Amino acid sequence: MPELPEVETIKRDLSKLIVGHKILGITTDSPKQVQPSLTVVKKAIVGAKVKRIKRRAKLLQIFLSNGQILAIHLKMTGRLLVRKKDFPKDDWQHVIISLSGNQELRFADLRKFGWVKLIKDKKELEKLLAEFGPEPLDDLDLKKFRAILASSGRPVKIILMDQKKISGVGNIYANDALFLAKIDPRRPAKKISDQEAKKLLQVIEKVLKAGIKYRGASDQYYLDALGRKGAYQEHFLTYGREGKKCFDCDGKVKKIKLGGRGTFFCPKCQK
DNA sequence: CAATCAACCTGGGTGC
DNA sequence: TGCACCCAGGTTGATT
C-alpha cells in the first residue's frame with residue numbers, strides 16, 4: 001500500500017507525535033513480524049527514548065536514544081497508529097509499543113507482510129539502505145535518471161518501481177507519472193528519449209509531491225498515524241480507472257498486467 | 001544476467 | 001448461500 005508519499009506522511013506525523021517519548025514495552029500476536037525476535041527487540045528498546053524518525057525509500061526508521069534503530073516496512077496493508085492506551089483496539093493490530101504519556105504506537109497489518117526490525121547501529125542501517133536507488137525528491141537528477149533508463153531494456157514502469165534503481169515509487173504513482181509523461185508503460189526503458197526522460201522525471205516529482213500534499217492515497221487500507229485517510233485517491237489520473245475516460249483525450253483507460261502488477265494507461269495518448 | 005512466477009497473508013468482490 | 005477464483009499500495013527468492 002504505502003509508497004513514498006504515504007510513508008513520508010507517517011514519518012512527519014510520528015516526528016510530531018512520538019519523538020521524546022520513552023518506550024515502556026512491546027507485545028505482539030504475530031511474532032514473525034518482529035525481527036529478530038520479540039525477546040531480543042524488547043530487551044533492546046525498552047527504556048530508550050525516541051530520538052528522531054527518518055524515511056528512506058518506503059522504509060521508516062525510528063532512531064532511539066541508545067543508538068539502536070527500529071526499521072519498519074508497511075508493505076501492502078501496514079498502518080502505524082499513535083493511540084491513547086484506552087483507545088479501542090484497531091483492526092489488525094499486531095505489534096503494540098507502549099510509550100510514556102499513556103500512548104501506544106500500534107502496528108496494524110491485514111496481510112501481515114510488513115515487519116518491525118531491530119537494527120543494532122548506524123553501520124548495519126547503512127548496509128540495509130545501500131540497496132536503495134536515489135530518492136526522487138532529493139537525490140535524483142536528470143543525468144542519473146537517464147543512466148538508469150539506459151541501463152535496462154525492461155518496461156519503463158518496472159524500472160520506475162524497482163527500488164534498487166529508484167526508491168519510493170510504487171504502482172499508483174508510477175502509473176500516474178507515465179500518464180502525465182504520455183509514455184506507454186510497456187516501452188523498453190532504454191528506448192526512452194532524452195526529451196521524454198526529462199519530462200518523466202519532472203512528473204515523477206510532481207505526482208509524489210501531490211501525493212504528499214494530499215497526505216497519501218487511501219484507496220483501501222492506508223491511514224496516517226492518527227488514523228485519518230489521505231485524499232490523493234480523489235486525484236488518481238489512471239490508477240483504478242479502468243474503462244473510464246482518459247483525462248487527456250477521448251480514449252479510455254485500459255488495464256493490463258505488467259510484471260504481475262495491475263497497470264493502467266491510455267493506449268490512445270500514451271505512446 | 002534477465003524475465004517469470006510463486007510465496008508471504010487476509011479479506012472483499014464476482015461469477016457460477 | 002456456498003464455493004471457487006481473482007484481485008489488492010510490496011518485496012524476495014527460486015526457477016526458467
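Bear in mind the structure is a predicted one, so any value in this text is a computation, not a measurement.
- Judged as a ring-ring contact (aromatic ring centres under 6.0 Å, His included), the pairs with a partner in residues 172-203 of chain A (not counting sequence neighbours) are, in order, A:Tyr173-A:Tyr232.
- In terms of phosphate contacts, A:Lys190 brings no side-chain nitrogen or oxygen within less than 4.0 Å of OP1 or OP2 of B:dA2.
- Atoms CZ (A:Phe264) and P (C:dC7) sit 11 Å apart, rounded to a whole Å.
- When the C1' atom of C:dC6 is taken as reference, atom CE of A:Met76 falls 13 Å away, rounded to whole Å.
- Side-chain contact check for A:Ser98 and A:Glu104: no donor-acceptor pair (N or O, by modelled atom type) lies under 3.5 Å.
- B:dC8 sits 24 Å from C:dC3 when the P atoms are compared, rounded to a whole Å.
- B:dC9 and C:dA14 are spaced 16 Å apart, taking the P atom of each and rounding to whole Å.
- Nucleotides B:dA7 and C:dC5 have their P atoms positioned 15 Å apart, rounded to a whole Å.
- No donor-acceptor contact under 3.5 angstrom links the side chains of A:Asn175 and A:Thr238, judged on distance only.
- Note: CZ (A:Arg261) to C1' (C:dT12) measures 13 Å, nearest angstrom.
- Across the protein-nucleic acid pair, A:Asp219 atom CG and C:dG10 atom C1' stand 15 Å apart, rounded to whole Å.
- Here A:Lys22 contributes atom NZ and A:Ser65 contributes atom OG; the two are 9.0 Å apart, rounded to the nearest 0.5 Å.
- The phosphate of C:dG10 (OP1 or OP2) has no side-chain N or O of A:Gln163 nearer than 4.0 angstrom.
- One atom, CD of A:Gln220, and another, C1' of C:dG10, lie 13 Å apart when rounded to the nearest Å.
- When rounded to the nearest whole Å, the span between CZ of A:Phe132 and P of C:dG10 equals 13 Å.
- Side-chain N/O atoms of A:Lys255 include one lying less than 4.0 angstrom from OP1 or OP2 on C:dA8.
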5' to 3', nucleotides 4-11 of chain B under a 4.0 Å protein heavy-atom cut-off (B base, S sugar-phosphate only, - none) gives ----BBBS
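- For A:Lys58, taking side-chain heavy atoms from C-beta onward, the closest of the listed nucleotides C:dG10, C:dA8, C:dG9 is C:dG10.
- Counting any heavy atom pair closer than 4.0 Å across all strands shown, A:Gly262 reaches sugar-phosphate atoms only and no base atom.
- Rounded to a whole Å, the CG atom of A:Asp176 is 13 Å from the P atom of C:dG9.
- Screening A:Lys143, A:Lys199, A:Arg146 for a salt bridge (Lys or Arg N to Asp or Glu O under 4.0 Å) involving A:Asp194 leaves a single residue, A:Arg146.
- With both ends at atom P, the span from C:dG10 to B:dC1 equals 25 Å, rounded to whole Å.
- No more than 12 heavy-atom neighbours from other residues, nucleotides or ligands sit within 6.0 angstrom of NZ on A:Lys42.
- We find that CD of A:Glu131 is positioned 18 Å from P of C:dG10, with the value rounded to whole Å.
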Show me the donor-acceptor pairs, under 3.5 Å and distance only, between side chains in residues 122-130 of chain A and residues at least two apart or in other chains.
{"unit_1": "A:Glu124", "atom_1": "OE1", "unit_2": "A:Lys120", "atom_2": "N", "d": "3.0"}
{"unit_1": "A:Glu124", "atom_1": "OE1", "unit_2": "A:Lys120", "atom_2": "NZ", "d": "3.4"}

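- Residue A:His73 places no side-chain N or O under 4.0 Å from the OP1 or OP2 atom of C:dG10.
- Of the options A:Lys190, A:Arg187, A:Lys271, a salt bridge (Lys or Arg N to Asp or Glu O under 4.0 Å) to A:Glu196 is made by A:Arg187 and by none of the others.
- Not a single salt bridge (Lys or Arg N to Asp or Glu O under 4.0 Å) links A:Asp121 to another residue, sequence neighbours left out.
- For CD of A:Gln195, the number of neighbouring non-hydrogen atoms (other residues, nucleotides, ligands) closer than 6.0 Å is 12 at most.
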Whenever both distances are under 3.5 Å in a Watson-Crick or G-U wobble pair, mark it; put DNA chain B into dot-bracket that way, with [ ] for crossing pairs and | when the partner is on another strand.
.|||||||.|||||||
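- Every pair passing ring-ring contact (aromatic ring centres under 6.0 Å, His included) that includes a residue from residues 41-74 of chain A is listed here, sequence neighbours excluded: A:His73-A:Trp115.
- Using a 4.0 Å heavy-atom cutoff across all strands shown, A:Gly260 reaches no nucleic acid atom at all.
- Comparing the C1' positions of B:dA3 and C:dG9 gives an interatomic distance of 23 Å, to the nearest angstrom.
- Between A:Tyr239 and C:dG9 there is a side-chain N or O to OP1 or OP2 distance below 4.0 Å.
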